[in-house]
Amino acid sequence: MTVNPDIFAARVLAWFHRHGRRDLPWQQQPTSYRVWVSEIMLQQTQVRTVIPYYQRFMETFPDIRSLAAAPEDQVLHHWSGLGYYARARNLHRAARQIVEKHAGRFPARFEEVLALPGIGESTAGAVLSLSLGQRHTILDGNVKRVLARVFMVEGWPGRSPVQRRLWEIARQLTPEQEVAAYNQAMMDLGATVCLRSRPDCAGCPVMDCCQAHGQDRVRDFPGRRKAAKRRERSVQMLVICNSEGEVLLRKRPPTGIWGGLWSFPELGMDDKPDEWLAARGLSAECIRELAPRRHSFSHFHLHIHPLLILQKKTGCQVLDGDGQVWYNPGNGQRRGLSAPVQQLLLELQRIST
DNA sequence: AAACCGGGGCG
DNA sequence: CGCCCAGGTTT
């Protein structure tokens with residue numbers, strides 16, 4: 001290591017005391033629970049987007065017991081639009097585990113925290129250091145970027161050898177004192193100075209020990225993942241409206257895309273909507289194609305072809321039941337909805353009014 | 001259009 | 001361990 005860890009940490013901490021963020025919601029009364037929820041949300045989303053979600057989540061679930069007691073649908077509702085819904089389900093499961101195994105109090109031992117679903121090494125370290133001041137090393141995306149540049153760690157950080165090297169560096173740099181401030185500082189540095197593009201090297205407290213900067217190669221780090229070719233998939237989505245202004249939603253399986261969320265019935269492109277409806281005792285008064293749209297996932301693009309179907313008034317044979325509801329977008333019970341479903345419901349309200 | 005992001009699950 | 005999966009935003 002070409003950098004003295006004490007000097008590195010001292011510079012980072014000095015910078016933090018002048019420029020670090022201290023006004024974020026989860027930094028007020030930073031209990032383990034509050035920090036935990038924020039870390040899970042921040043795993044997938046930037047601070048600006050997270051804040052309103054976080055506020056609403058905390059108003060509804062102010063503590064672990066209220067989260068554990070809530071139905072999963074309500075938790076997913078508060079996550080709607082954030083993506084990576086498995087994390088909301090893990091958060092919920094973990095809250096229930098904490099009530100069962102830890103009397104409702106967030107555990108304070110690293111191994112116990114790591115054992116909770118949805119919490120890996122970095123998140124466990126972040127929660128325990130930021131909320132309780134324990135000495136743990138963290139390595140989130142921001143920290144990875146800073147370290148990859150300062151030490152010119154070649155390769156994409158997702159690859160194991162690269163990841164191991166970054167952990168090794170991160171551990172050596174973690175100071176004995178002021179770990180909470182140091183960890184927060186490293187995340188802030190990555191989030192506000194050492195940006196992925198257009199980093200503000202002139203404003204960086206460790207510029208003069210940054211190897212990438214010294215060689216004018218900041219843009220080369222961290223190494224990029226090689227682009228994977230994404231497949232294309234197409235589905236029809238049946239937006240079935242009844243005369244009450246309700247739409248038919250079905251609960252998706254707990255794993256896979258949009259796991260546990262409520263969505264429109266999906267058909268393959270070769271399936272016949274008429275046959276699907278008839279098989280369920282429904283018949284359409286009118287079917288209209290809505291504008292197709294594309295929704296991107298990491299591994300494929302989904303082309304959605306929505307069909308607006310107005311159902312005849314006559315006695316409907318599809319009833320609310322497990323995994324199926326007639327949903328009133330205006331005043332229905334709150335449920336988890338994916339971004340495209342929310343978008344379609346919004347358009348529906350504009351059409352009908 | 002491509003990059004990004006932490007953890008779970010599986011072979 | 002190595003690889004694949006998930007979703008919406010930013011660049």
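Because the structure is predicted, anything quoted here is derived from the model rather than measured. In what follows, chains carry the letters A, B, and so on, assigned in the order in which the sequence lines appear, proteins first and then strands, with residues in each chain numbered from 1.
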Quiz item: So, A/Gln43 versus A/Thr123: side-chain donor-acceptor pair below 3.5 Å or not?
Solution: yes
Quiz item: In whole angstrom, what separates A/Leu261's CG from C/dA6's C1'?
Solution: 12 Å
Practice problem: Encode nucleotides 5-11 of chain B as B, S and - characters from 5' to 3', where the letter depends on protein heavy atoms closer than 4.0 Å: B to the base, S only to sugar-phosphate, - to neither. | Solution: BBSS---
Exercise. Whole angstrom is fine here: how far is it from CG in A/Leu195 over to P in B/dA3?
Key: 18 Å
Quiz item: Say you draw a straight line from CD1 of A/Ile138 to CG of A/Leu130; how long is it, rounded to the nearest 0.5 Å?
Solution: 6.5 Å
Quiz prompt | Length of the CZ-P vector between A/Phe300 and B/dA1, whole Å | solution = 17 Å
Quiz item: Can you check whether A/Ser160 has a side-chain N or O nearer than 4.0 Å to OP1 or OP2 of C/dC1?
Solution: no
Exercise. Between B/dG8 and C/dT9, how far apart are the P atoms? Round to whole Å, please.
Key: 24 Å
Quiz item: In whole angstroms, how far is the P atom of C/dG7 from the CE atom of A/Met41?
Solution: 15 Å
Exercise. Measure from the side chain of A/Arg294, starting at C-beta and using heavy atoms only, and say which of B/dA1, B/dC4, C/dG7 lies closest.
Key: B/dA1
Quiz item: Base, sugar-phosphate, or nothing: which does A/Thr45 touch, judged by heavy atoms less than 4.0 Å apart?
Solution: nothing
Quiz item: Are OP1 or OP2 of C/dC5 and a side-chain N or O of A/His299 less than 4.0 angstrom apart?
Solution: yes
Exercise. In whole angstrom, give the distance that lies between atom CZ of A/Phe221 and atom C1' of B/dA3.
Key: 17 Å
Quiz item: Between A/Tyr54 and A/Phe57, is the gap from one ring center to the other below 6.0 Å?
Solution: no
Quiz item: Nearest of C/dG7, B/dA3, C/dT10 to any side-chain atom of A/Ile257?
Solution: C/dG7
Quiz item: A/Trp156 CH2 to B/dA2 P: how many Å, rounded?
Solution: 16 Å
Quiz item: When all nucleic acid strands are considered with a 4.0 Å heavy-atom cut-off, which category describes A/Glu39: base, sugar-phosphate, or nothing?
Solution: nothing
Practice problem: Map A/Pro161 and A/Arg89 onto DNA chain C by nearest heavy atom, then report which one ends up closer to the 5' terminus. | Solution: A/Pro161
Report, one line per pair, each donor and acceptor closer than 3.5 Å where one atom sits in a side chain of residues 213-222 of chain A; sequence neighbours left out.
| residue | atom | partner | partner atom | Å |
| --- | --- | --- | --- | --- |
| A/Arg217 | NE | A/Asp220 | OD2 | 2.9 |
| A/Arg219 | NH2 | A/Asp216 | O | 3.1 |

Quiz item: Between the side chain of A/Ser66 and the main-chain N/O of A/Asp63, is any donor-acceptor distance below 3.5 Å?
Solution: yes
Practice problem: Measure the distance from CZ on A/Phe297 to P on B/dA1 and round it to the nearest whole Å. | Solution: 17 Å
Quiz prompt | Flag side-chain contact, heavy atom, 4.5 Å: A/Leu261 against A/Ser263 | solution = no
Quiz item: Counting any heavy atom closer than 4.0 Å, what does A/Gly81 reach on the DNA or RNA strands: base, sugar-phosphate only, or nothing?
Solution: sugar-phosphate
Quiz item: A/Trp258 and A/His295: aromatic ring centres closer than 6.0 Å?
Solution: yes
Quiz item: In whole angstroms, how far is the C1' atom of C/dC4 from the CZ atom of A/Arg230?
Solution: 15 Å
Exercise. Report the residue (A/Gly259 or A/Ser197) whose heavy-atom-nearest nucleotide on DNA chain C is the more 5′ of the two.
Key: A/Gly259
Self-check item: Contact check, side chains of A/Leu147 and A/Leu139, non-hydrogen atoms, under 4.5 Å
Solution: yes
Practice problem: Considering only atom C1', compute the distance from B/dG9 to C/dG8 and round it to an integer number of Å. | Solution: 22 Å
